[in-house]
Trainee: 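The following block contains the structure, expressed as structure tokens.
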Amino acid sequence: MTGLFSEVFLGALMFGAVTAAIPLLLAGLGEQMSEKAGVLNIGIEGMMLAGAYLGFVGAFYSGSLWLGFLTGAAGGVAVALIMALLCVRIGLNQIVIGIALTLGLEGLTALLHHFQFSRSYPRLPAANATVIPLLSDIPVIGPAFFKHHLIVYLALALVFGMRYLYRHTQLGLNLQAAGDKPAALDVAGIDVIKTRTIAVLTTGALAGLGGAYLANVGAGLFIPFISNGAGFLGIVLAMLARGRPVWVLFGALLFGVCLSLTTAMQVAGINIPTDVIQMLPFLAVMIMLVLFGRRASLPAALGIPYERGTR
Amino acid sequence: MFLRLWAFMGSLSSLPGADTCDIVALAGVTKRFPGIVANDSIDLSIRPGEVHVLLGENGAGKSTLIGMLSGLLQPDEGRILVDGKVTQITSPRHALALGIGTVFQHMMLVPALSVAENLLLGGPWWQRPRIEALEARVAKITRSLGITVKLHARVSELSLGEQQQVEILRAMVRNSRLLILDESTSMLTPKGIDELGTLMRRLVKQGLAIVFITHKLKEAAAFGDRISVLKLGRKVGEIPPERFRALGEQEIISQIVDLMFGKQKDDPEAVERPIRKVSVEAAPLLQVTDLAAAPTDNAPGLSSISFDIRPGEILGIAGIDGNGQKQLAEALAGQRVTTGGSVRLEGTAIEMLSVGERRQRGLRYLTDDRLGEGTVGTFPVSINFFLKQVGAPPFWRNGFEQRAEIDKRAAQLVREYDVRTPSLKTPVARLSGGNIQKVLLARELAEGAKVVIFNKPTYGLDLANTLASRQRICATAARGLAVLLISTDLEELLSMCDRIAVIASGALVGTVENVDDARTRVGRLMIGLAA
Amino acid sequence: MSIDTPSVNATAPDPTSAAAARRDILHRLLMTLGPILAALVIAGCILLAVGVDPLAYYGYVLEKGLFSPLGIQQTLTRMAPLLFLAAGLIVAFRAGMWNLGGDGQFLLGAVTAAASAPVFVQLMPAWLALICSFLIAAAVAMIWSLVPALLRGYQGVNEIITTLMMTFLGTSLANVLVKLVFRDPGTTVPQTRTLPVEDRLPRLFDTTITSGLLLGLAAIIIVHLVMTRTAFGLKLRIVGANPRAAIHAGLGVPGLTVAVFAISAGLAGLAGAVDIIGVQGNVRADWNPAYGLAVIPAVFLARMNGFAAIGFVFLLSVLSIGGESAARRLGVPNHFTLVLVSIVLIVLALAEYVDHRYNQSRKA
Amino acid sequence: KSIAILTPEEGTDYGWNQQGIDAARAAGKAAGVEVVVAQGLGYGDVRPTLRELASDGASLLIAHASGYNTSGPEIAKELKVPVAIVDTPSGLEKGLVADYTLSGHQGAYLAGRLAAKMSRSKSVGIVVSGEPPSWNSQSAAFAQGVKAENPEVKITYAVIGPAAYSDAAGGKRVTESVIASGADIIFGQGNGSSFGMLQAVETTKAADGGKVYFIDVIGDKTPIDKGFLLSSVVWNIEPVYAAMINDLKADTFGTKSYSIGLKDDSVKLLKTAAIPDKVWTEIQMLREEVISGKIPVEPVYDAAAVRALMTSVAQ
Ligand SMILES: Nc1ncnc2c1ncn2[C@@H]1O[C@H](COP(=O)(O)OP(=O)(O)OP(=O)(O)O)[C@@H](O)[C@H]1O
Ligand SMILES: Nc1ncnc2c1ncn2[C@@H]1O[C@H](COP(=O)(O)OP(=O)(O)OP(=O)(O)O)[C@@H](O)[C@H]1O
Ligand SMILES: [Mg+2]
Ligand SMILES: [Mg+2]
């Protein structure tokens, strides 16, 4: 068994954990932004699917991963635009629209895939990694964390960018106010609708990017329903993190590591039914909730559309 | 700077009756809500160098008017003129840009942010919040006002009074040339009210225009230059500055009462305390001994609170807002966990009982947070009368709602307590503050009450409603009930209570019989001296 | 679809109020059918884009989902579990609890019913066996909801996270139970023992409609009446509309919270049971119809009104049964049904908004 | 008259669904009957579709998924229409229910031999997206084949996740891990996720820097191969359906179970350019031995048993 767990293998497991964590991280960060601004974005799964599909289409036809990420983010934004229009601007129920968008994009992307790719199943070449010198030579950790596509480092940097945004900028204050007491933001002269729209569109961009990463790097191809609930996990992560981007990162990595752990246990030949092993990440989160769950401080106006001058 | 200078010059040249110098003028402004005309072709002129007092009963349409000035609401008809030009105030941002700063009746601060962050809200989004610059500005303003604010405290940790100061400060920081204060004195101590009054006088001298809404006529008379009175959405009268200056306080008040209620009462706020006989021998209805509760993030704890109330007695709790009044009320009602002490109702200990069980035994609590916890805003008025009796006959039988029974009784209560509502089905949040309060009064005074806790029962009520409420409270005591009356309004306590206890930092610092020199003795206790 | 005017008038005692009521019904019908028509036009554009005749498609949807005897029977049968789920969601949503864990509760209820029913029918009369299975399916789902309920009631942990997590967990657990505990030893396919067709819920008359439909209708109507007419329902609605007011009014909020979750999850468990005992007969590993996701928006659109929910559930069933058939006949992938449902939901939500606005402006 | 086939997913997966549909079409054409295809039905309740197809006049319903083997016979009895189901040899009923239990275990055994011969690192991997019986039997037979060829060869077995049929990213991730553990040949089974496995094989280098090869099952992915496909255990279901149609005509439907095997080439190993001729010849000889029974290959359907087998071989 010791031979099995070679450095290379452990490195690959951890690499896989990070790769699996990135879409969750992006979805979680995106959802967090919406929630901060008071919008419960249940449509994020749909945004990820749109991002995955358009991201793949962009990368496949242009041959450039970066263009793929761009089109993917744009796909997410397109779906977010509908959400912003319906839920933020005219105040329709966020859960109805969110679920409807998720259902719709599941169907639409599957439909498009059917007509476009279901005979050829095109696959992208491997994403070229940006190897970080020195750091990547550390055993296990090096190959796990420092041999990824540039977008991964950008995603990690984004965590700290978000942190800065929330803590040290006027926009951060605006977002928080939009979620906690939109009327107060409004009378301070900031358009609540605009602020929330920005938040939702950003969510779309991040979720779309997450989807594009999932398709282009995570899988290297697009197939229907590829997001497999990653968006819903993003919602859970965002709520668990209570407004702190770094916690989203930890949560996403925890999920990734648990996923890799299930592979590790199987490869080690531990004879537990895989279904039992695969409950692990969810169990981990549930246990965390039971132990540290206390009163989750969600924004006071979460899910409530804002309309000026009503009471 | 330039604007201020201009305003200042304007105020110098302002001659009575010269319309040209209005900062803001309303011409025939009408605003309708479903089922109600909240403002009915109102004309109003607001001038630099004047405190323009708006008076009117609850629901008269004062806040609605303010809403249109501050860009929250759009008039259905009529025009608003700013600096003589017809202007559509399209958004709060627009209003701020025009120099209109508003302190709203309901708190408009973000609880989760710090005071500084709240003051900074509204800056350009790409900027870092400029805390240093703000600190300097705030220091300058607070020095001239003689108040202190904790810039780095979270708003949720401040008392309501402190929050109100922050809101006033915010309007000042913004360089407004028109400052609107909607019932800003309702949460302040008498001293705070005086300070605010002085401040207003100083500001108008500097050339600002102020619109000041209050229900207290004395404040209107003391701080105002011009008074407009609204009634049922219509403007029913105005006292211009020249008349104002010519009259004494008493005359002004009687004129206003004329306008608001027709000729009925002389000095409405000086109610004579009816002499009730509280029999000293009677066993206390409510006995509280050494009650204690733990402090929380945003509230002081309670420590060794003891008092008795006998049947027919009104015990007042005076004190500066945020000293544990609400915690005391909640601890008695069973909504807050206590850490020690006992509460006895008619001799039986009730501190272990739940909220519902305490109510059943006759303990009633009239909360000061009408919309937050007192009512369910989206439910009809009728249901809100019975929120605390859900499941009880005759309104429910075998668990089933008896709609006819409910509506019959609700209609009766609406009549009895003079609740102004379009219908029994109207969601209660649509009513104005005073009318919601009537619903709560009706609910708590319903059959079976023995001890009633009133927490700021007249906060935000207009004169007529205040008087009516006070009368109800006195009548309650007269029926032989024990009353605990929590208020920040010393006049109110002096006019009604048999004894007044003073609370400070969650402890009772003394109890005073309400005779002759009670005012000074309570005052001394409140500012931390021995009685 | 036309209304027979004279006969309505003849039976109505007060012509003016009857006319008003009729106008109201007509208005509601318009406000439902109008948007659906609009949604069909939008979805039709997508069909045109992929080269399919929309009219033919919708013709099949209507024929195979609604107007053919076979189609309507299938549609009504499909409704049974959805109605139970909708009933459970009505309770939770009216009480302000976002129970998004319906799928996990549904599956556990289904597995329990599938595991117990074949055993019980050998021990006792069939009707009693089925009742017992229903009861323990509901009980297991209730127990499963205890974690989010207690966390929400006593710790204030947001139930959206916990129910979502529990639904992921519940789906896995259901699989583990099927594969490892209740597995039918008689087949290589991982599934539970099969309840014989003759022991399942009887079919209605001479059709293939399951009598589960009646149970589902009863459940949702009872839930509607309880929520709108009883003290218990009002208490739940108070908790939902203003939890602080509920505390102030002396309601035992944590207890009510647990009760809400128990009822809601219990009904979801019954949904699983009624699908198994009424139609499926057993549970296969990895089976997850994920009904919950589509029912949630339907319940919202119905404004948590039981009768309206029945209508929306019916609509969903027609679309899913008819859509499948139409897709096959016209060579569109079955996924198109999802797109159609999504567009219908969005347009209905929009129409409701427009209607609301119109009413308001008329009143003002 | 006409036969109908029902599949859970679209018939464009180069796998189970496509093989089923193509075979039904071919068999129908040969017999001169119309073939109705109902695809992408999911794993839920197909009773409505079965009833509808029957009422449209289909004289044979092929319920091509193990998930349909409860509803299939029920509808057969309810409507008196012949139904063919899978994986249920015990469910035969004359004139109504026939079973075809397809297992490529014989082919998988050969694939195992092939993999053991070809592996440079003496380490091979099995990646599956789930554990249905037909995959289990192939996984087990593959492992047996590997061990029979060379007991020294290490086998790594990994399941992507519960119901991870469409988890392409998971397929890629797990396959990459398995390659990192030393495998240079991957035996992969999984619907949508198998494309993720293929992608991993195409983009990841083996430990020695060389190519990693992929062995597929059921379908033939040659049209979309980029040179990494070593082989596939291809199923040809057409003989089964043809036999069914014949039995239907002969009134012997429902009296026997149909199966596939090496013997009639209904299971066969795909020959690709990556397999050296010498190795291929050896494999062909082994094929004869399996057919003749000299090498017995017993199917193992149970997931737990498969895992137990893997553990014992991994040590
Ligand atoms: N957004 C709204 N929707 C419906 N009705 C409203 C709305 N805002 C105010 N009203 C109604 O308009 C009338 C005027 O309300 P407004 O708040 O202006 O009264 P007010 O004079 O400020 O009373 P108070 O002294 O109690 O604050 C009331 O009857 C109130 O119920
Ligand atoms: N806006 C509201 N908010 C809260 N409770 C309400 C509201 N409107 C009515 N109610 C109360 O809800 C209960 C019934 O409301 P609902 O409108 O659902 O019943 P309904 O219209 O009689 O139902 P149905 O006609 O479908 O039988 C009654 O107790 C009623 O007083
Ligand atoms: Mg007001
Ligand atoms: Mg008021």
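Lettering follows sequence order; numbering is per chain, from 1. Predicted, not measured: the structure shown is a model, and the values here were computed from it.
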Trainee: In terms of heavy-atom proximity below 4.5 Å to chain A, should C:Ile343 be classed as side chain, backbone, both, or neither?
Mentor: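 For C:Ile343, no heavy atom lies under 4.5 Å from chain A.
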Trainee: Side chains of C:Arg78 and C:Ser320: do they bring a donor and an acceptor to under 3.5 Å?
Mentor: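 Side chains of C:Arg78 and C:Ser320: pair found under 3.5 Å.
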Trainee: Would you name the heavy atoms of A:Ala199 and A:Ser34 that are closest together and state the gap between them?
Mentor: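 Smallest heavy-atom distance, with atoms named: O-OG, 3.9 Å.
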Trainee: Between A:Leu108 and chain C, with a heavy-atom cut-off of 4.5 Å, which part of the residue counts as in contact: side chain, backbone, both or neither?
Mentor: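 Both backbone and side chain.
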Trainee: Can you check side chain to side chain contact (heavy atoms under 4.5 Å, CB included) on C:Val61 and C:Tyr57, steps first, answer last?
Mentor: CA-CA 6 Å; C:Val61 171; C:Tyr57 184 90; 3.6 Å; yes
Trainee: Among the options C:Ile160, C:Leu301, C:Ile46, pick out the one with the most heavy-atom pairs lying under 4.5 Å from chain A.
Mentor: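 Maximum pair count with chain A is reached by C:Ile160.
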Trainee: Quick one: does any side-chain atom of C:Ser342 pair with a main-chain N or O of A:Ala100 as donor and acceptor, under 3.5 Å?
Mentor: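 Yes, the answer is positive, given that a donor and an acceptor are paired below the 3.5 Å cut-off.
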Trainee: Under 3.5 Å, side chain of A:Gln94 to main-chain N/O of A:Leu40, donor-acceptor pair present?
Mentor: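 Yes, because the side chain of A:Gln94 sits within donor-acceptor range (under 3.5 Å) of the backbone of A:Leu40.
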Trainee: Determine the option with the most heavy-atom pairs under 4.5 angstrom with chain A, choosing from C:Leu180, C:Val176, C:Leu169.
Mentor: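 Among the listed options, the one with the most contacts to chain A is C:Leu169.
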Trainee: Main chain of A:Val39, side chain of A:Arg196: is a donor-acceptor contact present, judged purely on distance under 3.5 Å?
Mentor: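 Checked: no pair found.
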Trainee: In Å and rounded to the nearest 0.5 Å, what is the CG to CG distance from C:Leu340 to C:Leu319?
Mentor: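 Going from the CG atom of C:Leu340 to the CG atom of C:Leu319 covers 5.0 Å.
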Trainee: Find the distance between CD1 (C:Ile247) and CG (C:Asn242) and round it off to the nearest 0.5 Å.
Mentor: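 These two atoms lie 9.0 Å from each other.
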Trainee: In terms of heavy-atom proximity below 4.5 Å to chain C, should A:Ile235 be classed as side chain, backbone, both, or neither?
Mentor: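 For A:Ile235, the contact with chain C is made by the side chain alone.
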Trainee: Among A:Ile42, A:Val96, A:Leu86, A:Leu240, which has the most heavy-atom pairs under 4.5 Å with chain C?
Mentor: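 Highest number of pairs under 4.5 Å: A:Val96.
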Trainee: Given the options C:Thr162, C:Thr171, C:Val339, C:Thr337, which has more heavy-atom pairs under 4.5 Å with chain A than any of the others?
Mentor: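 Max contact count across the listed options: C:Val339.
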Trainee: For C:Leu350, which atoms come within 4.5 Å of any heavy atom of chain A: side chain, backbone, both, or neither?
Mentor: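 Both parts, backbone and side chain.
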Trainee: Can you tell me which portion of C:Val147 sits under 4.5 Å from chain A's heavy atoms? Options are side chain, backbone, both or neither.
Mentor: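 Only the side chain of C:Val147 comes within 4.5 Å of chain A.
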Trainee: Measure C:Val299 against the heavy atoms of chain A and call it side chain, backbone, both or neither at under 4.5 Å.
Mentor: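 Neither part.
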Trainee: Counting only heavy atoms closer than 4.5 Å, note whether C:Leu100 contacts chain A via side chain, backbone, both or neither.
Mentor: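 For C:Leu100, the side chain is the part near chain A, not the backbone.
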Trainee: Given that the side chain runs from C-beta out, which part of A:Phe232 has a heavy atom under 4.5 Å from chain C: side chain, backbone, both or neither?
Mentor: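 Answer is both: backbone and side chain atoms of A:Phe232 are under 4.5 Å from chain C.
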Trainee: Heavy-atom distances under 4.5 Å only: say whether C:Leu293 touches chain A with side chain, backbone, both or neither.
Mentor: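 Both backbone and side chain.
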Trainee: Determine yes or no for a side-chain-to-main-chain donor-acceptor pair under 3.5 angstrom, with A:Asp180 supplying the side chain and A:Ala300 the backbone.
Mentor: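 Yes, because the side chain of A:Asp180 sits within donor-acceptor range (under 3.5 Å) of the backbone of A:Ala300.
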